Amino acid sequence: MNGLHDLGGKDGLGAVDPPPEEPVWKAEWEKHAHAMFPLAFRAGFFGVDSFRYGMEQIEPVEYLTSTYYEHWVHSVTHHGVLKGHLDPDEIEKRTQYYLENPDAPLPEGQDPDGALVQFIEAVIPAGATAARPGDKAPRFAVGDRVTVVNDAPRGHTRKASYVRGKTGVIIMAHGEMIYPDTAGNELGEAPEHVYTVQFTNAELWGEESAEPNGTVTFDVWEPYIVPAQVQEHAA
């Protein structure tokens, strides 16, 4: 999906200039927003890819003018309502209550056996792997020249627009992993082989604009790429 979230390679947004020291949390509520992700993940609201797609569906102006963890809250509520876990009227009612009573205590937590806390303590430090063991033979190998298919997939994809139509060389192969173009669109994991492709700066940005002698690496799922010569002959 060619949404505003796909900012890689876009011009006019200025340099990425993070402050030398930045607090982990910019507001107290962000801690709660962070905790909502693993809890909703465990409850079956979404997988990682569909969670991302939930954020990509935020209205463009709101997306660019809201904060990182506001995006998280949007996706949690989006999927919670979509899957029937949350009642939009109840969300509106509680939101209004806390807007009018900002100092009111939050509801007591409900985790009598500690299972939710154990899940968070296990998943947050170690993450949840996207690798899936499979017996599908890879179509490509390290050293192959490949071209990223130049299209605009509907729904969620990890095929960033700035690498579409560009040719590079596979430098690493990672085995089969969850395919975001199906998982993010609620179509199942459908694992595909993943490769790291190295592009020259000149290939991505053009000889006149690119910093000389530089390269960029990008991870692609197998359906994203074709042998370079096929793409070149087709063009």
Side-chain angles (χ1 to χ4, degrees), residues 1-3 5-8 33-58 68-69 71-85 115-116 118-142 144 146-164 166 168 170-199 216-226:
M1 187 168 69
N2 294 331
H5 63 280
D6 187 7
L7 292 174
H34 188 268
M36 289 170 67
F37 171 80
L39 298 179
F41 175 87
R42 186 176 184 272
F45 283 33
F46 43 65
V48 172
D49 294 298
S50 54
F51 176 68
R52 289 176 175 140
Y53 187 38
M55 292 186 282
E56 293 165 9
Q57 296 177 74
I58 298 174
Y68 180 73
Y69 281 109
H71 295 175
W72 280 39
V73 172
H74 175 96
S75 192
V76 169
T77 54
H78 168 80
H79 285 287
V81 172
L82 189 68
K83 303 287 177 59
H85 297 292
L116 290 176
Q118 292 176 20
F119 176 78
I120 291 173
E121 290 178 341
V123 169
I124 293 298
T129 181
R132 295 290 184 269
D135 56 4
K136 186 183 296 184
R139 290 182 58 210
F140 302 97
V142 171
D144 287 351
V146 295
T147 299
V148 179
V149 177
N150 189 7
D151 59 2
R154 293 177 63 86
H156 180 67
T157 184
R158 300 293 285 173
K159 188 195 304 179
S161 57
Y162 79 93
V163 299
R164 296 176 192 167
K166 306 300 182 183
I170 293 176
I171 61 170
M172 295 182 69
H174 304 282
E176 294 180 54
M177 296 188 178
I178 297 172
Y179 186 40
D181 293 46
T182 56
N185 296 305
E186 307 287 351
L187 297 174
E189 293 189 346
E192 296 283 355
H193 282 274
V194 176
Y195 309 91
T196 297
V197 178
Q198 185 177 63
F199 302 90
V216 173
T217 56
F218 191 93
D219 288 341
V220 299
W221 278 259
E222 195 165 272
Y224 291 1
I225 53 178
V226 294

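The structure displayed is predicted, hence computed values, not measured ones. Reckoned from all heavy atoms, side chains included, excluding hydrogens, waters and symmetry mates. Throughout, residue positions are numbered sequentially from 1 according to the sequence presented.
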Worksheet item: Between atom CD of E222 and atom CD of E176, what is the distance when rounded to the nearest 0.5 Å?
Response: 8.5 Å
Worksheet item: Checking T182 side chain against L187 main chain: does a donor-acceptor pair fall under 3.5 Å?
Response: no
Discussion item. Using a strict threshold of under 4.0 Å (side-chain N to carboxylate O), is an ion pair present between K159 and D151?
Written reply: yes
Worksheet item: What heavy-atom pair brings F45 and V76 nearest, and what distance separates the two atoms?
Response: CD2-O, 3.7 Å
Practice prompt. Examine distances only and state if a side-chain atom of H5 and a backbone atom of M55 form a donor-acceptor pair shorter than 3.5 Å.
Written response: no
Fill in: Minimal non-hydrogen separation, F119 against P38, with atom names
CE2-O, 3.4 Å
Worksheet entry | ring pair (Phe, Tyr, Trp, His ring centres under 6.0 Å) involving F51 - partner list, sequence neighbours excluded | F37, F46, W72
Worksheet item: What distance do H193 atom NE2 and I225 atom CD1 have between them, rounded to the nearest 0.5 Å?
Response: 11.0 Å
Side-chain donor-acceptor contacts of residues 126-134 below 3.5 Å, not counting sequence neighbours, with atom names and distances?
from, atom 1, to, atom 2, distance (Å)
T129, OG1, A131, N, 3.0
R132, NE, E189, OE1, 2.8
R132, NH1, T129, O, 3.2
R132, NH2, E189, OE2, 3.0

Item to complete: Please examine the side chains of S75 and H79, heavy atoms only from C-beta on, and report whether any two atoms are closer than 4.5 Å.
Response: yes
Fill in: Any pair counted as salt bridge (Lys or Arg N to Asp or Glu O under 4.0 Å), so long as it reaches residues 178-187, sequence neighbours left out
K83-E186
Discussion item. How long is the straight-line distance from CG of N150 back to OH of Y224, given to the nearest 0.5 Å?
Written reply: 14.0 Å
Discussion item. As an exercise, state the distance from NE2 of H174 to CH2 of W221, rounded to the nearest 0.5 Å.
Written reply: 9.5 Å
Item to complete: Could you check if a side-chain atom of F218 sits within less than 4.5 angstrom of a side-chain atom of V148, using non-hydrogen atoms only?
Response: no
Practice prompt. Go through H156 and R52 one step at a time and tell me if the side-chain contact (heavy atoms from CB on, under 4.5 Å) criterion holds.
Written response: CA-CA 8 Å; H156 180 67; R52 289 176 175 140; 3.9 Å; yes
Fill in: Y162 and V216, any side-chain heavy atoms less than 4.5 Å apart
yes
Worksheet item: Which pair of heavy atoms, one from G54 and one from H78, lies closest together, and at what distance?
Response: CA-CD2, 4.1 Å
Discussion item. Contact between E192 and K136 at the side-chain level, heavy atoms closer than 4.5 Å - yes or no?
Written reply: yes
Worksheet item: Do L39 and I120 come within less than 4.5 Å of each other through their side chains, counting heavy atoms only?
Response: yes
Response to the item:
In terms of heavy-atom contacts, F140 and I170 come closest through CB-CD1, 3.4 Å
Worksheet entry | Check: D144 side chain, A141 main-chain N or O, donor-acceptor pair, under 3.5 Å | yes
Worksheet item: With side chains defined as the heavy atoms from C-beta onward, is the minimum distance between D219 and M177 less than 4.5 Å?
Response: no
Discussion item. Tell me whether D6 contacts the main-chain N or O of S161 through its side chain, where contact means a donor paired with an acceptor under 3.5 Å.
Written reply: yes
Discussion item. I need the minimum non-hydrogen distance between G184 and Y53, along with the two atoms involved.
Written reply: O-CD2, 3.4 Å
Discussion item. Show the nearest heavy-atom pair for residues G155 and N185, with the distance to one decimal.
Written reply: CA-OD1, 3.5 Å
